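The block underneath contains the structure these notes are about, expressed in C-alpha cells.
Both backbone and side-chain heavy atoms feed into the values below; hydrogens, waters and symmetry mates do not. Small disclaimer: the values here were computed from a predicted structure and weren't measured.
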Amino acid sequence: MQVQAASLCGSAGCSTDVYLKDAKGWTKILDAVSGPISLLPTKHEGLRDILVDTSDRWVWKNGAYQDTLAATDLPGFKTSIKKHQAEMRQERLYTGQ
C-alpha cells in the first residue's frame, strides 16, 4: 500500500508498507520503504522477493523481509535492527497475526 498525499509524503517521497493476507486478515510485513516497488519472480521461503527503487532487494527470511543492501556498520546499529525484528516477530506470535 502506498500513501500519496502532499501532507503525508516527505522529501524522500511517499512511503510504502507491504501487507500479507492470510486466513486471519492482513499483517504488515514490510514497513515504510520509499520508492517504486516491484515483485520479483524469485522467492525465498515461499514469498516473492521485492525490489525497491530498482536496486534495493528485500528477501523473506526467518519470518520477515530482510534488506540485502549492506547497512552502515555503526556501533549497535545492526544489533538494534535485529532486536526490533525479533520483537516484531514475537508480537505477531503473541497477537496471533
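- Heavy atoms only, all atoms of each residue included: Tyr19 and Lys28 are closest at OH-CE, 3.3 Å.
- Under the 4.5 Å side-chain criterion, counting only non-hydrogen atoms from C-beta, Val59 is not in contact with Glu45.
- Nearest heavy atoms, Asp67 versus Arg57: OD1-O, 3.7 Å.
- Separation of atoms OG1 (Thr42) and CG (Asp49) is listed at 3.5 Å; rounding is to 0.5 Å.
- Atoms CD1 and CD1, from Ile37 and Ile50 in turn, are 5.5 Å apart once rounded to the nearest 0.5 Å.
- Every residue meeting the side chain to side chain contact (heavy atoms under 4.5 Å, CB included) condition with Leu20, not counting sequence neighbours, appears here in chain and number order: Ile29, Leu47.
- Here Leu30 contributes atom CG and Trp60 contributes atom CH2; the two are 9.0 Å apart, rounded to the nearest 0.5 Å.
- When all heavy atoms of Gln85 and Tyr65 are compared, the pair lying nearest together is NE2-O, 4.0 Å.
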